[in-house]
Each structure stands twice: as structure tokens, then as C-alpha cells.
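What follows is one structure encoded as C-alpha cells, with my remarks underneath.
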There are 2 protein chains.
Amino acid sequence: MQADESRGGRTTIVDVAEAAGVSRQTVSNALNRPHKVAPDTLERVLREVERLRFTPHASAQQLRRQRASAFGFEVNPSGHRRLGHILDEFLVELTVSAPAHASHLLAFAPDPDDVIAGYRQTLASGLVDGFVLADTRHADPRPQWLIEHGVPFVSFGRVWDRPELTRWVDVDGHAGVLGAVRHLAASGYRQIGWLGWPSGSPVGDDRRRGWADGLAELGVTGEAPTAESVQDLDEATGAAERLLDRLGPDAAIVCASDLLALGALRAVRNHGLEPGRDVGVVGFDDTDVAAAMQLTSVHQPVAEAARIAWDLLVDPETTSAPVLLEPTLTVRASSVRDSAGAGRSSVPEPP
Amino acid sequence: MQADESRGGRTTIVDVAEAAGVSRQTVSNALNRPHKVAPDTLERVLREVERLRFTPHASAQQLRRQRASAFGFEVNPSGHRRLGHILDEFLVELTVSAPAHASHLLAFAPDPDDVIAGYRQTLASGLVDGFVLADTRHADPRPQWLIEHGVPFVSFGRVWDRPELTRWVDVDGHAGVLGAVRHLAASGYRQIGWLGWPSGSPVGDDRRRGWADGLAELGVTGEAPTAESVQDLDEATGAAERLLDRLGPDAAIVCASDLLALGALRAVRNHGLEPGRDVGVVGFDDTDVAAAMQLTSVHQPVAEAARIAWDLLVDPETTSAPVLLEPTLTVRASSVRDSAGAGRSSVPEPP
DNA sequence: TTGCCGGTTTTGAACGATCAACTCGCTGGA
DNA sequence: TCCAGCGAGTTGATCGTTCAAAACCGGCAA
């Protein structure tokens with residue numbers, strides 16, 4: 001059929017060049033620097049590119065350009081998997097927006113005993129130009145190492161230990177919880193307690209401050225009831241029960257996570273009360289579990305975070321300021337007081 | 001320090017060769033065909049590889065070998081996201097076992113309007129050698145296209161339309177549900193109903209057959225009560241309520257998914273009954289939601305499936321038979337009749 | 001005529017690895 | 001004595017692309 005594929009397997013830039021009657025470099029220019037090619041030549045070349053369905057060989061480009069146009073994303077085996085799948089979702093959204101930045105994403109799983117080695121290895125193989133960090137821990141060794149070695153990266157989540165860094169996107173947990181408090185107050189709940197993680201976790205502390213500032217805004221002074229629990233359902237249930245004992249009627253509980261909120265729901269039930277009608281409950285992350293339990297929850301704009309992460313990574317000049325995204329509140333039955341038709345909620349569910 | 005990096009940036013095979021006093025090809029052989037290198041030379045070369053922390057440049061290898069040692073995995077934006085994250089988990093486990101097969105995984109998100117184009121493009125770029133399919137739909141165009149173009153692939157999930165294919169791993173839904181039926185019978189539930197998807201979905205039909213065969217094994221004859229619902233919580237709840245009306249005391253409901261099971265739990269509550277003690281409920285997939293709701297559920301061995309997928313993909317000769325994995329049952333309160341500390345470890349109520 | 005200019009296109013080299021063919025020294029059978 | 005055969009190691013070519021520099025070319029001023 002086509003003399004072009006005479007060489008065998010794949011269609012290369014040379015096949016296109018011959019078909020269009022130009023040199024390989026002109027084809028390359030047509031694709032990468034169209035302004036350097038005469039208009040009619042350009043059209044002819046692009047027509048052949050189209051016709052032959054030419055796709056440049058990525059490895060050859062990477063080798064010559066000394067750039068992979070790819071970034072690494074660390075995934076972890078099921079062990080330290082939390083309730084909810086915010087990070088899975090973030091990975092998916094990163095992948096979706098990758099082509100818009102002429103890049104792709106490489107998932108990799110470093111050895112838990114030496115995470116840095118995994119990063120070093122992946123980088124040295126030339127498969128990636130940099131990394132997208134997520135789930136930034138306290139005393140996280142990764143930012144330090146990456147900076148020392150001049151490796152580009154962005155982080156989903158502030159780099160708490162190094163406030164001078166600006167290359168991150170995060171969701172404003174403080175604002176999210178503050179919004180939840182306002183919503184509860186507007187819905188008529190009279191007392192609003194906090195069920196959070198033990199202090200020391202930067203994310204948890206930030207969310208808690210949102211709650212405290214919300215109360216201040218409402219004019220509440222003095223000690224407000226709080227309880228603490230680690231990320232475990234039974235423990236959260238117990239903590240929530242103790243919290244309930246200290247709350248008056250028409251109270252609500254704002255929680256640092258959906259798992260804690262689930263514990264709160266159970267505690268409310270155990271007290272013979274009904275979530276929503278008797279006690280408001282709000283969670284954080286808007287996970288599947290929240291949807292299934294009709295739990296009002298703070299929703300993170302993950303897709304937007306992913307897009308911004310790419311911007312920061314690929315066009316570092318244009319977007320240099322750190323970005324703090326505003327979460328939204330997904331309102332469901334657990335924070336609605338007049339639950340007509342209890343058990344079947346009137347709140348529309350997201351898919 | 002080291003004369004090796006005189007050339008500048010990265011450490012190449014030539015640097016290692018000079019340091020070890022051999023030619024580049026010998027270094028290559030030492031790494032790829034150690035048996036072709038004399039023992040003492042081998043040791044000397046490997047020592048230098050270690051010392052200089054040499055990592056071969058993946059693009060260069062890929063270009064020369066005409067092989068990417070990478071496989072594509074399709075991810076989809078949040079739209080058609082289902083309850084549970086089996087596929088996210090599968091992706092993670094694939095990534096974890098990738099290095100064991102000297103490969104890696106590339107996530108990509110095809111245009112939903114022309115999925116095949118995404119596959120063609122990804123393949124043509126030379127970034128991958130083949131694909132891992134998951135979530136094989138009915139009348140799925142992908143296997144057809146891949147076969148026609150001689151592209152290697154495995155599938156997580158049988159390729160239902162083409163029974164002659166053998167390149168897949170799957171979890172035996174039939175056996176999983178059968179095991180659930182046995183468990184329920186052994187736990188003392190006297191009547192076991194089925195809450196499934198409308199027939200026509202191969203996965204759902206397979207699971208349903210597991211239930212039917214379980215009943216047959218127990219000696220149940222005649223019509224047993226079933227109900228159908230699409231994957232939607234409210235609809236599932238309604239279907240389960242109708243099913244409950246037709247079940248006697250000490251009954252149990254086996255469901256085709258955790259979402260359906262969640263509907264069943266709500267229906268049980270709406271009838272003033274308690275899951276587990278009064279009505280057994282079993283779901284499928286053992287998602288976060290199941291764990292949170294104390295729902296007994298059929299658990300898929302995802303990590304094992306991922307490992308086998310790599311085997312089938314990378315060493316096609318050694319493992320040629322299709323593999324059907326046995327799921328396990330994660331037993332929780334929703335299928336335990338004597339809920340001793342009721343309220344604590346028992347099933348939380350949905351609102 | 002010559003020289004130079006700017007836009008356009010082509011040619012040689014290189015990215016870093018592996019494949020294929022070759023060299024070298026040695027052994028052993030005819 | 002000769003040379004086929006073998007193990008160990010080397011060298012040249014190559015994968016497909018882009019960079020850098022050179023070549024081409026019509027036009028226009030000197």
C-alpha cells in the first residue's frame with residue numbers, strides 16, 4: 001500500500017518526511033516549531049502526519065531532549081490506607097489533566113523502609129523529571145531531599161515544616177470547617193462541639209482552628225466541648241459518646257474526618273437520638289461512606305487541585321504563589337433538623 | 001572527586017566502563033547477561049556500578065530495545081465512579097508488583113468518546129508495550145481491537161464475550177457468593193434471599209448463580225425470593241424492603257454488591273429489625289463502606305490478582321491458563337446472630 | 001558582478017543504551 | 001603443523017528524535 005512503511009514496523013519521522021518530500025528536521029520543526037516552517041510546507045507536512053497517523057516515539061524524544069515530560073507519584077500498598085480515597089481520586093484527576101500539559105504520570109511504589117531510595121531510583125532512571133507529593137507527613141524527609149538535589153516537585157498539601165516553600169496546592173481545612181460551623185448555626189443547632197484527632201497533626205490542628213474561629217464568630221466564649229480520638233471507629237464512637245454527655249439539647253458535632261463522624265453517628269444512635277433531627281453531625285472528605293450514610297461532609301475540590309498542581313509543576317513561572325482552595329459543604333440528612341420521612345432522606349445524593 | 005562525572009550531568013554506562021577499565025558493552029553484559037562476563041571482571045564492574053550509583057537511562061534502553069517494559073492502565077474521571085474502590089486498589093497493587101517484573105505502569109485517561117483512540121495513541125508513542133484491562137464491559141471494544149493489532153494485554157475480569165481468550169485473572173464471584181450462603185446457613189439463618197442487579201450483567205449473573213447453587217446444595221427447592229435493583233442506594237433500599245416482606249423469620253439477604261447490601265441494611269432497620277440478630281446481610285467487595293457498617297462482605301484478593309496479571313503479561317509462556325481466584329468472606333456483625341455487646345460492635349444504623 | 005541578508009531547509013552529530021559482528025588468545029583434534 | 005572452536009572482550013552501527021550549524025536561495029544594495 002504505502003511505500004512509507006517499507007522499513008517495517010512503526011511509522012517514523014523519516015516516513016513522514018519522505019511522504020511530504022522534505023527532510024526529517026522539517027517534519028520535526030513542523031510539529032515543534034511551526035513558525036519556522038513556510039506555510040505551504042507546514043500544511044503539506046501536517047497532512048502527511050495526519051494521514052500516516054504519525055506519533056513521535058516518546059523514548060527517542062526523551063533521550064534527545066533529556067527530559068521525560070513525566071512526573072512520579074508515590075502510591076502505597078494497602079497497609080496505611082485510610083478511610084476514604086482522596087488520594088486515589090487525586091491520582092485519577094492528575095492523570096486526566098496530564099495530557100493538557102503534554103506530560104504523563106508514573107505511579108511508583110517505593111520501599112517503605114527507604115522511601116528516598118525509591119525517589120532517587122525513579123529519578124535516576126530518567127523516567128521522570130520530578131514528583132508530585134501527596135500526604136505530606138510531619139517531618140517528611142522528601143521535600144528536604146528534593147530541594148537539595150534540585151528536583152522539581154509540587155505538593156498536594158502544605159509542606160508544613162518549611163513555610164518558605166511556595167510550590168504547593170492545598171485545600172483550606174480551616175475554611176471548610178468554619179463553613180460547616182456557620183451552616184450548623186444557620187440550621188438552628190445551638191451548641192457545636194468538636195471531635196478531632198489528638199493535637200500535633202498539622203492538618204487536624206488546622207481544621208480544629210476553623211471550628212474554634214467559627215465559634216468565636218458566633219460569639220461563643222469560654223470553653224466549648226471537644227473530644228479526641230485517633231482514626232479508629234470504635235475509639236471514635238467512645239469519644240463521641242463522652243462528648244455527647246457534655247452537650248446540651250440541639251447540639252451538633254463537627255468532626256475532623258468522615259471516620260470520626262461515623263463514630264459520632266453511632267454514638268448518637270446509642271444515645272437513642274437521631275442524627276440530624278436531634279444532633280447534627282458533619283464529617284470531612286465527602287467519601288463514599290459519607291454519601292452512603294447521608295452524612296453532611298466537607299468536600300475537597302480534588303480535580304481543581306490536580307489541575308493547579310500541573311500548572312505549578314510545568315509552568316512554574318506563571319503560577320508561583322501557593323494556592324489554597326476553598327472546599328464546599330455537601331449537605332445531607334445528618335445536618336438537617338426537620339428530617340421529614342426519616343430514613344429515606346430528602347437530600348439528593350451525588351452519584 | 002570522581003573523574004567519571006567529568007562529562008557533566010548524569011552517570012552513564014561509559015563512566016562506569018572507564019572506572020572499571022572495560023568497554024561499555026562489558027558493563028552492559030555485566031548487568032544484563034552476567035554469565036557472559038568473567039567472574040572477576042563481573043565483580044569489578046558491579047562494584048563500580050554500586051559505587052557510582054549507576055542507573056541505566058530508561059529511555060535509551062527503550063529506544064534501542066524497541067520495548068518500553070511498561071504497560072498502560074486506563075483510569076476514568078470521577079463520573080462513572082462506583083461505590084468502593086476495587087479498581088483503585090488494583091491499580092495500587094499493580095504498581096507495587098511492577099518492579100518484580102522489571103516493568104512499570106503508566107496510568108492514562110482516554111477520551112470517553114473514543115476510548116480506542118486513547119489506546120492507539122498511547123501505544124503508538126512507544127510508552128507502553130501493552131495494557132492491563134479492568135472493568136471489562138459487555139460488548140467491550142477493547143479486547144477486539146487489541147487482538148486485531150497484536151497488542152499484548154491481560155484483563156482483570158473475564159473477557160466475557162470471547163471465551164476463547166485465556167489471558168485473564170478474575171475472582172470467582174460464584175464461589176464467593178456460594179461461600180456466603182454456606183456461612184449464613186451454618187450461622188443458623190433459615191431462609192436466604194438474593195438482592196442482585198437486573199440480569200444481563202455477566203458479573204451479576206455469575207454471582208447470582210453462586211447463590212442459586214448454594215441453595216441447591218442446602219436442599220432448597222422451588223422458587224426462592226429474589227429482588228433486583230440497579231446500583232443506587234434508594235432503589236436498593238426499596239427493593240430490599242419488598243424482598244423482606246416475602247421472607248420469613250431468621251432470614252438473610254445475600255447481595256451482589258456492598259451498595260445493595262447497604263440498601264438492605266437500611267430496609268432491615270426500616271422494618272424495625274436489627275441486622276445480624278434478626279436478618280443476616282452479606283455484601284460483595286469488602287469496601288470501606290462494608291468495614292464502616294460492620295457489614296459481612298466477600299473480599300477479593302486484589303494483590304494476588306495483580307501479581308498474576310503481571311505474570312500473564314510478562315511471562316506469557318509460563319502461565320498460560322486463565323486464573324480464577326477464590327475470594328474470602330470477611331465476617332462482621334451483619335451476619336452474626338447473637339450480637340452480644342449490642343450497640344458497640346453491632347451494625348450502626350443508617351439515617 | 002559581488003556580497004550580504006533573512007528566511008527556509010538540509011546535513012551531521014548526539015542523546016545512552018544494546019545488537020551484531022569482529023578480534024584476540026588459547027586449546028585440542030586431524 | 002594447521003586451523004576450527006570457544007570464551008572473553010571490543011568496536012561499529014543503530015534505535016528515532018532534536019540540536020547546532022551549514023547550505024541554499026532569491027533579492028537587493030554596493
Side-chain angles (χ1 to χ4, degrees), chain A residues 4-46 48-49 52-69 102 123-127 129, chain B residues 4-46 48-49 52-69 102 123-127 129:
Chain A
D4 320 285
E5 296 179 9
S6 54
R7 245 162 306 286
R10 57 176 301 115
T11 307
T12 75
I13 204 173
V14 176
D15 296 323
V16 178
E18 286 176 1
V22 295
S23 70
R24 47 179 212 287
Q25 183 63 35
T26 299
V27 177
S28 175
N29 285 339
L31 292 171
N32 299 316
R33 291 121 96 163
H35 61 279
K36 304 209 90 178
V37 177
D40 54 339
T41 312
L42 180 60
E43 197 209 355
R44 188 156 31 99
V45 170
L46 293 183
E48 292 303 319
V49 166
L52 299 174
R53 282 212 174 119
F54 168 67
T55 306
H57 195 283
S59 307
Q61 288 183 313
Q62 292 172 7
L63 177 58
R64 179 66 251 221
R65 292 178 164 154
Q66 296 287 82
R67 177 161 37 90
S69 298
L123 184 67
S125 75
L127 282 169
D129 301 324
Chain B
D4 319 286
E5 295 180 8
S6 54
R7 245 163 305 287
R10 58 175 299 113
T11 308
T12 76
I13 203 173
V14 176
D15 297 321
V16 178
E18 286 176 2
V22 296
S23 72
R24 48 183 211 287
Q25 184 62 34
T26 298
V27 177
S28 175
N29 285 339
L31 292 170
N32 299 316
R33 292 119 97 160
H35 61 280
K36 305 210 90 178
V37 178
D40 54 339
T41 312
L42 180 60
E43 197 210 354
R44 188 156 32 101
V45 170
L46 293 183
E48 291 304 320
V49 167
L52 299 174
R53 281 210 174 121
F54 167 67
T55 304
H57 195 282
S59 307
Q61 289 183 313
Q62 293 171 6
L63 178 58
R64 180 64 251 227
R65 291 179 164 153
Q66 297 288 81
R67 179 160 35 92
S69 297
L123 184 68
S125 74
L127 282 169
D129 301 323

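Here is the naming used below: chain letters follow the sequence lines, and residue numbers restart at 1 for every chain.
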### Query
Can you check whether B:Ala124's main-chain N or O pairs, donor with acceptor, with A:Arg10's side chain at less than 3.5 Å?
yes
### Short side-chain to backbone donor-acceptor contact, B:Arg44 and B:Ala20, under 3.5 Å
yes
Side chains of [X] and [Y] in contact at under 4.5 Å (non-hydrogen atoms):
{"X": "A:Leu46", "Y": "A:Leu31", "answer": "yes"}
{"X": "A:Thr26", "Y": "A:Thr41", "answer": "yes"}
{"X": "B:Val22", "Y": "B:Glu48", "answer": "no"}

Give the rounded distance in Å between these two atoms: [atom1] of [X] and [atom2] of [N].
{"X": "A:Phe54", "N": "D:dG16", "atom1": "CZ", "atom2": "P", "answer": "10 Å"}
{"X": "A:Ile13", "N": "D:dC19", "atom1": "CD1", "atom2": "C1'", "answer": "13 Å"}
{"X": "A:Lys36", "N": "D:dA20", "atom1": "NZ", "atom2": "P", "answer": "11 Å"}
{"X": "B:Leu63", "N": "C:dC19", "atom1": "CG", "atom2": "P", "answer": "12 Å"}
{"X": "B:Gln62", "N": "D:dT17", "atom1": "CD", "atom2": "P", "answer": "14 Å"}
{"X": "B:Glu43", "N": "D:dA8", "atom1": "CD", "atom2": "P", "answer": "16 Å"}
{"X": "A:His57", "N": "D:dT14", "atom1": "NE2", "atom2": "P", "answer": "17 Å"}
{"X": "A:His35", "N": "C:dG6", "atom1": "NE2", "atom2": "C1'", "answer": "14 Å"}

## Note on the structure
Residue pair B:Arg33/A:Gln25 against DNA chain C: nearer the 5' end by closest nucleotide is A:Gln25
Do any side-chain nitrogens or oxygens of [X] fall under 4.0 Å of OP1 or OP2 in [N]?
{"X": "B:Thr26", "N": "D:dT10", "value": "yes"}
{"X": "B:Ser28", "N": "C:dT18", "value": "yes"}
{"X": "B:Thr41", "N": "D:dG9", "value": "yes"}
{"X": "A:Asn32", "N": "D:dT18", "value": "yes"}
{"X": "A:Gln66", "N": "C:dG16", "value": "yes"}

### Query
Hey, which of these two, B:Arg65 or B:Asp40, hits DNA chain D nearer its 5' end, going by closest nucleotide?
B:Asp40
### Query
Considering only side-chain heavy atoms of A:Arg64, which listed nucleotide, D:dT17, C:dT9, D:dT10, is closest?
D:dT17
### Task
Test for a donor-acceptor pair under 3.5 Å between the base of D:dT10 and the side chain of B:Arg24, counting only N and O atoms.
no
